[in-house]
2 protein chains.
Amino acid sequence: MANKNYTEEQERMARFAKAMGHPARMAILEFLLRQETCFFGDIHEELPIAKATVSQHLKELKEAGLIQGEIETPKVKYCINRENWELARKMFSAFFGQSVCKKESCCG
Amino acid sequence: MANKNYTEEQERMARFAKAMGHPARMAILEFLLRQETCFFGDIHEELPIAKATVSQHLKELKEAGLIQGEIETPKVKYCINRENWELARKMFSAFFGQSVCKKESCCG
DNA sequence: AATATTATTCGTAATTTTGCGAACAATATT
DNA sequence: AATATTGTTCGCAAAATTACGAATAATATT
């Protein structure tokens with residue numbers, strides 16, 4: 001058991017990944033990427049869950065930095081947070097860009 | 001509230017993302033990618049948590065399909081599951097490859 | 001002023017996650 | 001046979017997640 005902590009990178013990427021770690025939130029992100037509309041009501045309509053729950057998932061995505069919301073009375077409009085989206089894109093891209101080592105000492 | 005369920009894709013990707021949604025598990029994956037060694041003990045040595053907890057995280061990564069383990073008595077060797085790794089790579093790549101819509105109706 | 005629309009917050013319940021130490025299993029070594 | 005080494009599993013506790021309906025807030029409309 002090392003004394004060592006996790007790196008900033010690991011913490012950050014885990015934060016993004018965790019936010020993506022629920023099908024409802026993946027569905028929301030995909031919806032916002034397609035971006036036909038982005039009002040709360042439209043998002044809710046797409047999902048098989050109660051509006052209170054949708055609101056909760058939106059909050060988590062927002063807190064993770066992947067989306068943002070703004071009020072357009074009486075509606076609320078949600079969108080991808082472009083800056084953090086780009087950051088996440090880069091991190092995941094770099095992560096999966098690593099080639100898996102092929103030493104014979106590895107399984108398979 | 002739609003009657004509609006989540007897609008297979010959404011479920012699958014959320015499963016991968018969830019597995020990556022903890023810094024300890026990100027650290028494990030990075031360690032296995034670097035692949036200096038891949039015995040349980042070496043992994044445990046890198047992390048600031050008890051071995052029981054490491055074992056638990058490894059189990060989750062295994063159940064999500066991202067890694068695999070095999071016994072090399074008296075040690076246990078863990079590795080990236082190449083097949084699913086490739087699948088995950090493709091899914092995340094496709095997901096982040098989508099360009100974010102730029103309609104003026106979107107925020108920002 | 002009363003009502004309707006839209007979405008968030010509150011209160012609650014059930015489940016899952018995270019983490020640990022202790023106990024256990026399985027094989028090697030003495 | 002006793003001991004050491006290596007990891008997993010068990011039992012438990014604390015915290016976080018997921019989900020819902022009801023209550024609330026904030027503005028528009030009648």
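Below, chains carry the letters A, B, ... as their sequence lines are ordered, and counting in each starts from 1.
- Straight-line distance from the CE atom of Met1(B) to the C1' atom of dT18(D): 14 Å, rounded to whole Å.
- Of the candidates dG7(D), dT8(C), dT16(C), dG7(D) carries the atom nearest the Phe40(B) side chain, counting heavy atoms from C-beta on.
- Proximity of Tyr78(A) to the phosphate of dT8(C): a side-chain N or O atom is located under 4.0 Å from OP1 or OP2.
- Distances shown here put a side-chain N or O of Lys18(B) below 4.0 Å from the OP1 or OP2 atom of dT17(C).
- Side chains of Leu32(A) and Ile43(A) form a contact here, defined as non-hydrogen atoms less than 4.5 Å apart.
- Glu70(A) places its CD atom 18 Å from the P atom of dT6(C), with the value rounded to the nearest Å.
- Note on His44(A): every side-chain N or O is 4.0 Å or more away from OP1 and OP2 of dT6(C).
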Just the atom pairs and distances: protein N or O near nucleotides 22-30 of chain D's N or O, under 3.5 Å.
none

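- Closest non-hydrogen pair, Gln10(A) versus Glu30(B), comes out as NE2-OE1, 2.9 Å.
- Leu61(B) has its CG atom 17 Å from the P atom of dG7(D), to the nearest Å.
- At a threshold of 4.5 Å between non-hydrogen side-chain atoms, the residues His44(A) and Met1(B) count as touching.
- At whole-Å resolution of the value, CG in Leu58(B) and C1' in dT17(C) are 16 Å apart.
- One distance of note links SG of Cys38(A) with CG of Leu33(A); it measures 11.5 Å at 0.5 Å rounding.
- Rounded to 10 degrees, the angle separating the terminal axes of the helix from dA1(C)-dT30(D) to dT30(C)-dA1(D) is 0°, with each axis obtained from five end pairs.
- If you take CG of Leu47(B) and C1' of dG7(D), they are 15 Å apart, rounded to a whole angstrom.
- Atom NZ of Lys59(A) is separated from atom P of dT8(C) by 10 Å (rounded to the nearest Å).
- The interatomic distance linking Lys62(B) (NZ) with dT9(D) (C1') rounds to 12 Å, in whole Å.
- Note on His57(B): only backbone sugar-phosphate atoms sit closer than 4.0 angstrom, heavy atoms only; bases stay farther off.
- In this structure, CD1 of Ile49(B) is placed 13 Å from P of dT8(D), rounded to the nearest angstrom.
- A close approach under 4.0 Å does not occur between any side-chain nitrogen or oxygen of Thr53(A) and OP1 or OP2 of dT18(D).
- If you take CG on Leu58(B) and CG on Leu66(B), they are separated by 12.0 Å, rounding to the nearest 0.5 Å.
- Side-chain contact check for Leu47(A) versus His57(A): every heavy-atom pair is 4.5 Å or farther apart.
- Taking the six-membered ring for Trp and thresholds of 30 and 60 degrees, Tyr6(A) and His22(B) have ring planes more than 60 degrees apart, a perpendicular arrangement.
- Linking Ile, Leu, Val, Met, Phe, Trp and Tyr whenever their side-chain heavy atoms come within less than 4.5 Å leaves Ile71(B) and Phe39(B) in two separate clusters.
- Among the nucleotides dG7(D), dT8(C), dA7(C), the one closest to any side-chain atom of Ser55(A) is dT8(C).
- No side-chain heavy atom of Phe95(A) sits less than 4.5 Å from a side-chain heavy atom of Phe92(B).
- Within the nucleic acid shown, Gln56(B) comes within 4.0 Å of at least one base atom, counting heavy atoms only.
- Put simply, the side chain of Arg89(B) never gets that close to the backbone of Phe96(A): no donor and acceptor are under 3.5 Å apart.
- Position along DNA chain C of the nearest nucleotide to Phe39(A) versus Glu60(B) favours Phe39(A) as the more 5'-ward residue.
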